[in-house]
Amino acid sequence: MAPLLAACSGAPRQKTGTNTKTGLQAALPAHVPSTAVTPDIPSVTGGTGAATDPGFLKYPSNRIATVSGVPGKGGVYTAVTPLWGTVPPAGNSFYEAVNKALGVTLTMKPADGNNYATIIPTMAAAKRLPDWIQLPNWWNSNFNLGGLAGTQLADLTPYLAGDKIKKYPNLAALPTGAWQAGAWGDKLYGIPGFSTGFAVPGAIFYRRDVFDAKGITADQVKSADDLMNLGKELTDAKRGVWAFDDVWTYLSIAWNIPSGWDVQGGKLVHKYELPQFLEALDWHYRLAKAGYLHPDAIAGREDATRFYAGKVLMHGGGLGTWNLTDHQSGTAADKNYRRGTFDYIAADGASRPRMFMGASTSMISYLNINLKPAQIEELLAVANYLAAPFGSTEYTLVNYGVEGVHHTMKDGVPTATEDGKKFVQAQTFPFLASPPSVLSNPGVDSITRDYAAWEAANVNALYKPVFWNMNISMPRQLASASAAQAVEDTIKDCYHGKKKPSDVQAAIATWKAGGGDRLKQWMTDNVLNKYGTGQ
């Protein structure tokens with residue numbers, strides 16, 4: 001959920017960075033949703049442009065081909081993606097099969113994801129970026145993305161803007177917000193992957209099976225006071241049970257705290273300056289001091305097994321936690337395990353619940369500026385193949401390999417063979433381009449149904465925050481003020497009950513004097529006054 005910031009100090013003078021409203025509209029591709037594959041649970045659109053992820057209760061058995069023929073024309077290219085796992089051997093049967101289907105020789109060179117933020121700047125400094133590269137946007141400042149756009153990364157606007165995208169139907173189906181995340185200076189550079197219309201920081205989860213057994217339902221929780229009362233009711237330290245693990249990151253938003261900035265009376269206000277920020281801190285401080293927070297959480301020790309074992313009954317987390325793997329881990333510890341998720345609430349129990357939207361994607365790939373126009377068109381056709389919808393012929397090959405070689409269909413689900421386990425890696429081809437996200441947990445329909453119902457119930461709480469999906473090129477000297485690490489450390493100590501809200505106030509005052517006020521002035525002069533809020 002970090003803002004998209006790129007430190008451009010020392011970068012060549014050019015028009016990169018924040019987009020204008022009219023310029024961005026001209027650069028963005030048209031959006032044409034795909035109807036190639038029909039989900040079991042259709043997407044629901046909210047009032048602010050948010051949309052729920054479609055749900056699939058089973059893997060599509062009638063796998064449709066969405067691309068006719070072979071997209072490539074025999075080109076030879078290199079691609080680099082981050083990988084958090086074992087690097088497959090080069091030239092393996094999976095790479096060969098996908099390259100054959102793509103009609104190109106795309107040499108995949110996965111790099112260590114743990115060191116990616118230092119590997120790529122070294123390559124960029126030497127001007128040795130590959131033909132196609134994945135650059136996760138949470139590292140935009142490390143990559144100096146605003147400086148690379150237009151100097152080392154290709155401008156895709158002439159190929160994809162407006163109706164030109166219709167040449168690539170699977171790319172046209174990607175949400176507009178995802179394309180916006182890869183736009184710099186009114187030009188389009190990035191190809192989005194793993195996009196969603198329901199981008200949120202996370203939620204507060206609870207042990208639904210335990211709550212059901214106690215006769216507690218999620219709809220009884222409408223305010224922060226209700227949660228505090230649950231803390232008292234559910235905590236039993238003598239039995240080793242605490243109501244809460246850490247919840248600040250995802251629950252504090254219930255006090256209507258924005259992602260970073262708000263505009264009030266036409267003036268920019270940082271979240272630290274809002275009175276409700278201290279109100280939220282005070283509540284979380286009291287939660288910890290009341291003894292309702294697990295001691296290991298207070299000590300900063302994260303461990304998901306506490307939730308599986310029923311040692312904590314509520315915790316905050318990203319929505320990626322809610323999946324089949326989680327269900328398997330939970331039921332291994334307790335056969336009755338079932339994850340539940342509270343609807344978004346307003347802390348006072350009376351106001352309208354609000355949850356700010358995050359970037360529509362965090363995984364974006366880019367093409368090298370040295371590629372010729374025909375090569376860019378060839379790789380865009382390849383990207384169109386890679387972005388084929390969930391369950392299609394193309395998707396199945398790119399994500400599971402060749403049936404009978406890399407996977408077999410077991411109970412209707414693509415299941416890896418030994419070769420599949422060795423060679424097929426989701427952090428390679430799908431990291432270059434992929435379709436919009438879906439909800440699918442084959443074999444456990446309750447997860448997909450619960451998740452889809454929760455998204456539908458909360459889609460109208462979502463709103464676009466100030467500077468939503470805007471790429472902002474910020475001077476390097478202001479980057480530390482934006483991170484505000486000393487304040488964040490004090491906040492953590494406060495919601496763990498180790499420091500008081502007054503200590504956070506003091507840290508904020510120091511931050512403002514040491515760079516926070518300069519940051520706000522810079523954002524006002526260079527972003528708000530020139531480009532607006534992005535909402």
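Counting only heavy atoms from C-beta outward, the side chains of Tyr463 and Met355 never approach each other to under 4.5 Å. A 4.5 Å side-chain heavy-atom check between Ile298 and Lys498 finds at least one atom pair inside the cut-off. Side-chain contact check for Thr196 versus Thr361: every heavy-atom pair is 4.5 Å or farther apart. Contact annotation: the side chain of Trp255 approaches that of Trp283 to within less than 4.5 Å [non-hydrogen atoms, C-beta and beyond]. Contact of the Asn441 side chain with the His327 side chain is not registered, since no non-hydrogen atoms from C-beta on lie closer than 4.5 Å. Looking at Leu281 and Ile491, their side chains come closer than 4.5 Å, going by heavy atoms from C-beta outward.
The salt bridge (Lys or Arg N to Asp or Glu O under 4.0 Å) search around Lys421 returns Glu418, not counting sequence neighbours. With sequence neighbours excluded, no residue satisfies salt bridge (Lys or Arg N to Asp or Glu O under 4.0 Å) with Arg352. In this structure Lys58 satisfies the salt bridge (Lys or Arg N to Asp or Glu O under 4.0 Å) test together with Asp40, sequence neighbours excluded. Checked against ring-ring contact (aromatic ring centres under 6.0 Å, His included), Tyr344 has the following partners two or more places apart in sequence or in another chain: Trp454. For Phe429, the ring-ring contact (aromatic ring centres under 6.0 Å, His included) criterion is met by Phe94, Tyr95, not counting sequence neighbours. Applying the salt bridge (Lys or Arg N to Asp or Glu O under 4.0 Å) rule to Glu233 yields no partners; only residues at least two apart in sequence or on another chain are considered. With sequence neighbours left out, the ring-ring contact (aromatic ring centres under 6.0 Å, His included) criterion links Tyr337 to Tyr308. Considering only residues two or more places apart in sequence or on other chains, His270 meets the ring-ring contact (aromatic ring centres under 6.0 Å, His included) condition with Trp261, Tyr272, Trp511.
A donor-acceptor contact under 3.5 angstrom links the side chains of Asp219 and Thr217, judged on distance only. Looking at Asp348 and Ser351, their side chains do bring a donor and an acceptor atom within 3.5 Å of each other.
Considering all non-hydrogen atoms of both residues, Ser195 and Pro175 come closest at OG-CD, 3.3 Å. When all heavy atoms of Trp468 and Gln180 are compared, the pair lying nearest together is O-NE2, 3.6 Å. A pairwise comparison of heavy atoms in Trp138 and Ser362 identifies CZ3-OG, 3.5 Å as the closest pair. Closest of all the heavy-atom pairs between Gly266 and Leu528 is O-CD2, 4.1 Å.
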Test log, rule side chain to side chain contact (heavy atoms under 4.5 Å, CB included), inputs Leu83 and Asp112
CA-CA 5 Å; Leu83 188 145; Asp112 179 12; over 6 Å; no

Is there a side chain to side chain contact (heavy atoms under 4.5 Å, CB included) between Ile257 and Gln276 once you walk through the steps?
CA-CA 7 Å; Ile257 296 173; Gln276 62 264 37; 4.1 Å; yes

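Within the structure, ring pair (Phe, Tyr, Trp, His ring centres under 6.0 Å) contacts touching residues 218-243 (residues at least two apart or in different chains) are Trp242-His294. For residues 477-503, the set of pairs meeting the ring pair (Phe, Tyr, Trp, His ring centres under 6.0 Å) definition, not counting sequence neighbours, comprises Trp248-Tyr495. Applying the ring pair (Phe, Tyr, Trp, His ring centres under 6.0 Å) test to every pair with at least one member in residues 211-233, sequence neighbours left out, gives these pairs: Tyr206-Phe211. Contacts classified as ring pair (Phe, Tyr, Trp, His ring centres under 6.0 Å) and involving residues 515-535 (residues at least two apart or in different chains) are not found.
Salt bridge annotation for Asp343-Lys222: absent, with no cationic side-chain nitrogen under 4.0 angstrom from a carboxylate oxygen. The pair Asp296-Lys311 fails the salt-bridge criterion, with no side-chain N (NZ, NE, NH1 or NH2) lying under 4.0 Å from an Asp/Glu carboxylate O. A salt bridge between Arg207 and Asp209 is present, with a side-chain N of the basic residue lying under 4.0 Å from a carboxylate O of the acidic one.
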